[in-house]
Amino acid sequence: MRLIAWNCRGLGNGPAVRGLLDVQKKEDPDVLFLSETKHDKRWMEGLRWKLNMTNMVVKDSVGAKGGLALFWKKGVDLRVLSWSRYHIDSLIKEEDGGT
């Protein structure tokens, strides 16, 4: 299983989005966590399809601060336990039954 966590410091410009898409293409993560997105769920919905990730949980930014997003592929057994402005807590069950 491949996981990537990235403090993207905002996805408001083309180079940041292209950089993210390049990393996603090269590494092909099963789960992708982004912090400091500086966007809301509506904007992240469009990014989800560009990333080819089926599932998503987003905590909107407050103005131009914060923002969290967790994306995962279809077939990944991920359960979101809780989330707030500061965290997204999840549990991932691996194919061998481990967590």
Side-chain angles (χ1 to χ4, degrees):
M1 173 159 310
R2 289 180 172 258
L3 301 126
I4 292 179
W6 185 26
N7 180 343
C8 51
R9 298 182 184 172
L11 290 170
N13 61 49
V17 173
R18 281 191 298 279
L20 175 59
L21 294 173
D22 288 346
V23 167
Q24 190 272 340
K25 184 177 180 180
K26 180 180 176 187
E27 300 298 331
D28 191 30
D30 300 298
V31 178
L32 175 64
F33 173 75
L34 303 176
S35 61
E36 294 294 326
T37 64
K38 300 183 182 180
H39 282 290
D40 62 9
K41 184 176 182 176
R42 186 172 155 215
W43 192 93
M44 298 303 282
E45 188 73 39
L47 181 62
R48 173 172 74 136
W49 298 113
K50 289 179 185 177
L51 291 168
N52 198 27
M53 297 284 205
T54 307
N55 304 294
M56 172 183 83
V57 170
V58 173
K59 184 61 181 167
D60 293 349
S61 65
V62 177
K65 295 182 181 179
L68 302 173
L70 181 65
F71 302 93
W72 65 99
K73 289 181 176 179
K74 184 178 181 177
V76 173
D77 190 359
L78 186 145
R79 185 171 54 132
V80 176
L81 303 175
S82 65
W83 67 90
S84 76
R85 179 177 170 192
Y86 305 106
H87 82 284
I88 299 176
D89 184 18
S90 62
L91 184 66
I92 303 170
K93 193 171 190 178
E94 295 195 64
E95 291 176 7
D96 65 1
T99 56

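The shown structure was predicted, so the numbers you read here are calculated from the model rather than taken from an experiment. Each residue takes its place number in the sequence, starting with 1.
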Co-members of Leu47 in a cluster of I, L, V, M, F, W and Y side chains, linked at under 4.5 Å: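 Besides Leu47, the cluster holds Ile4, Trp6, Leu11, Val17, Leu20, Leu21, Val23, Leu32, Leu34, Trp43, Met44, Leu51, Met53, Met56, Val58, Phe71.
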
Donor-acceptor pair, Arg48 side chain versus Thr54 backbone, under 3.5 Å?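 It does hold such a pair.
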
Taking Asp60 for its side chain and Lys41 for its backbone only, find out whether a donor-acceptor pair lies under 3.5 Å.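 Side chain of Asp60 to backbone of Lys41: a pair is present.
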
More than 12 foreign heavy atoms under 6.0 Å from CG of Asp40: is that the case here?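 It does: Asp40 CG has more than 12 such atoms within range.
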
Give, for atom [atom1] of [X] and atom [atom2] of [Y], the distance between the pair rounded to the nearest 0.5 Å.
{"X": "Leu70", "Y": "His87", "atom1": "CG", "atom2": "NE2", "answer": "11.5 Å"}
{"X": "Ile88", "Y": "Lys59", "atom1": "CD1", "atom2": "NZ", "answer": "9.5 Å"}
{"X": "Asp30", "Y": "Asp77", "atom1": "CG", "atom2": "CG", "answer": "12.5 Å"}
{"X": "Ser90", "Y": "Trp72", "atom1": "OG", "atom2": "CH2", "answer": "7.5 Å"}
{"X": "Leu68", "Y": "Arg85", "atom1": "CG", "atom2": "CZ", "answer": "10.0 Å"}
{"X": "Lys50", "Y": "Arg18", "atom1": "NZ", "atom2": "CZ", "answer": "10.0 Å"}

Run the salt-bridge test on Glu45 and Arg42 with the 4.0 Å N-O cut-off and return the result as yes or no.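 Here Glu45 does not pair with Arg42 in a salt bridge, since their nearest N and O are not under 4.0 Å apart.
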
Closest heavy-atom pair and its distance - Lys73, Pro29: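 Minimum heavy-atom separation between Lys73 and Pro29: CE-O, 3.2 Å.
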
For Gly10 versus Lys38, what's the shortest heavy-atom pair and its separation?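 In this case the closest contact between Gly10 and Lys38 is CA-CD, 3.9 Å.
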
Check for me, please, whether Val57 and Met1 land in the same ILVMFWY cluster - side-chain distances under 4.5 Å, paths through other members count.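 Looking at the clustering, Met1 is in the same group as Val57.
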
